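Below: the structure, in structure tokens.
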Amino acid sequence: MSPATSSLIVYTLLHLIPPGKVTTYSSLARASGLSPRAVGRILARNPSPIAVPCHRVVRSDGSIGGYSMGGPRVKAALLKLEGVRLYRSGGSWRVHPEDIVDLSSILLDPPEGSAEALSTVKAD
């Protein structure tokens, strides 16, 4: 898979994460067929960090990690604005476990109404 294709897949998958929720690098990696490190590199190069919500990706332990547009403080502020529940532990911000979603659950069991919306799309 080319780097451009890998980036497009990762950026597209990010749009499946609803506001108020996050996913992990490993979940995004499984859904995209890439390694978590490759996903991290792609997210670090995100040309449109707000439009392509890379701030909705956290570490597997729930800690929020870094953010190329101002660091963890800015990432925490964005997540809080979206309704993600954060708490401090060991000097870093962590996401409440109930706000972390596995992308495979979204892909295999879409949120209420999204399948219906897809089924109403008519082919030309």
Side-chain angles (χ1 to χ4, degrees):
M1 176 175 350
S2 75
T5 301
S6 298
S7 295
L8 181 60
I9 290 169
V10 169
Y11 296 154
T12 300
L13 288 169
L14 285 174
H15 288 286
L16 297 176
I17 307 164
K21 299 293 183 185
V22 298
T23 195
T24 64
Y25 291 98
S26 59
S27 175
L28 188 52
R30 282 190 306 275
S32 64
L34 300 168
S35 73
R37 287 182 188 255
V39 167
R41 284 191 299 272
I42 289 168
L43 297 181
R45 293 189 309 262
N46 179 359
S48 305
I50 301 297
V52 179
C54 59
H55 60 279
R56 293 184 189 151
V57 183
V58 300
R59 295 177 177 160
S60 294
D61 67 0
S63 61
I64 65 169
Y67 186 57
S68 63
M69 292 262 315
R73 194 176 86 214
V74 172
K75 186 173 184 175
L78 287 170
L79 293 173
K80 285 180 183 180
L81 281 172
E82 292 185 347
V84 175
R85 294 171 288 175
L86 299 177
Y87 64 95
R88 294 286 257 171
S89 176
S92 66
W93 288 106
R94 294 188 184 274
V95 174
H96 189 284
E98 291 177 5
D99 290 344
I100 301 173
V101 296
D102 183 4
L103 280 176
S104 63
S105 68
I106 293 173
L107 292 169
L108 298 175
D109 188 20
E112 187 74 28
S114 60
E116 179 182 300
L118 290 174
S119 68
T120 61
V121 175
K122 304 226 189 280
D124 290 339

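Just the heavy atoms: all of them, side chains too, but no hydrogens, waters or symmetry mates, feed the values below. None of the values given here were measured: they were computed from a predicted structure.
- Heavy atoms only, all atoms of each residue included: Val74 and Met69 are closest at CG1-O, 3.4 Å.
- When hydrophobic clusters are built by joining Ile, Leu, Val, Met, Phe, Trp and Tyr residues whose side-chain heavy atoms come closer than 4.5 Å, directly or via intermediates, Val58 is not grouped with Leu103.
- Side-chain contact between Thr12 and Val10 is absent, with no heavy atoms from C-beta onward closer than 4.5 Å.
- Among residue pairs with one or both ends in residues 9-19, none qualify as salt bridge (charged side-chain N to carboxylate O under 4.0 Å, His left out); sequence neighbours excluded.
- In terms of hydrophobic clustering, with Ile, Leu, Val, Met, Phe, Trp and Tyr side chains grouped at heavy-atom distances under 4.5 Å, Ile100 and Trp93 are assigned to a common cluster.
- In this structure, Leu34 is a member of the same hydrophobic cluster as Val57, with clusters built from ILVMFWY side-chain heavy atoms closer than 4.5 Å.
- The backbone N or O of Gly65 lies less than 3.5 Å from no partner atom in the side chain of Lys75, so there is not a single donor-acceptor pair.
- Contact check for Val101 versus Val22: no side-chain heavy atoms found under the 4.5 Å cut-off.
- Applying the salt bridge (charged side-chain N to carboxylate O under 4.0 Å, His left out) test to every pair with at least one member in residues 26-55, sequence neighbours left out, gives these pairs: Arg30-Asp102.
- Of all heavy-atom pairs spanning Pro36 and Ala29, the tightest one is N-CB, 3.5 Å.
- Ser60 meets the side chain to side chain donor-acceptor pair (under 3.5 Å) test with Ser26; sequence neighbours excluded.
- The side-chain heavy atoms of Tyr67 and Leu78, taken from C-beta on, include a pair separated by under 4.5 Å.
- Applying the salt bridge (charged side-chain N to carboxylate O under 4.0 Å, His left out) rule to pairs touching residues 61-71 yields Asp61-Arg94, sequence neighbours excluded.
- Counting heavy atoms from C-beta outward, Lys80 and Leu86 have side chains that approach closer than 4.5 Å.
- Remark: Asp99 engages Arg85 in a side chain to side chain donor-acceptor pair (under 3.5 Å) (not counting sequence neighbours).
- Here the closest non-hydrogen pair linking Tyr11 and Asn46 is OH-CA, 3.2 Å.
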Please set out all donor-acceptor pairs under 3.5 angstrom arising from side-chain atoms of residues 48-56, sequence neighbours excluded.
| from | atom 1 | to | atom 2 | distance (Å) |
| --- | --- | --- | --- | --- |
| His55 | NE2 | Glu82 | OE1 | 3.4 |
| His55 | NE2 | Glu82 | OE2 | 2.9 |
| Arg56 | NE | Glu82 | OE1 | 2.8 |
| Arg56 | NE | Glu82 | OE2 | 3.4 |
| Arg56 | NH1 | Ile17 | O | 2.8 |
| Arg56 | NH2 | Glu82 | OE2 | 2.9 |

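- Tyr25 and Ile64 end up in different hydrophobic clusters when Ile, Leu, Val, Met, Phe, Trp and Tyr side chains are linked at under 4.5 Å.
- Residues Ser27 and Thr24 bring no donor and acceptor atom of their side chains to less than 3.5 Å of each other.
- Here the side chain of Ser32 pairs a donor or acceptor atom with the backbone of Leu28 at under 3.5 angstrom.
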- Task: Kindly indicate, with the supporting measurements, whether the criterion side chain to side chain contact (heavy atoms under 4.5 Å, CB included) is fulfilled by Leu8 and Thr5.
- Result: CA-CA 5 Å; Leu8 181 60; Thr5 301; 5.6 Å; no
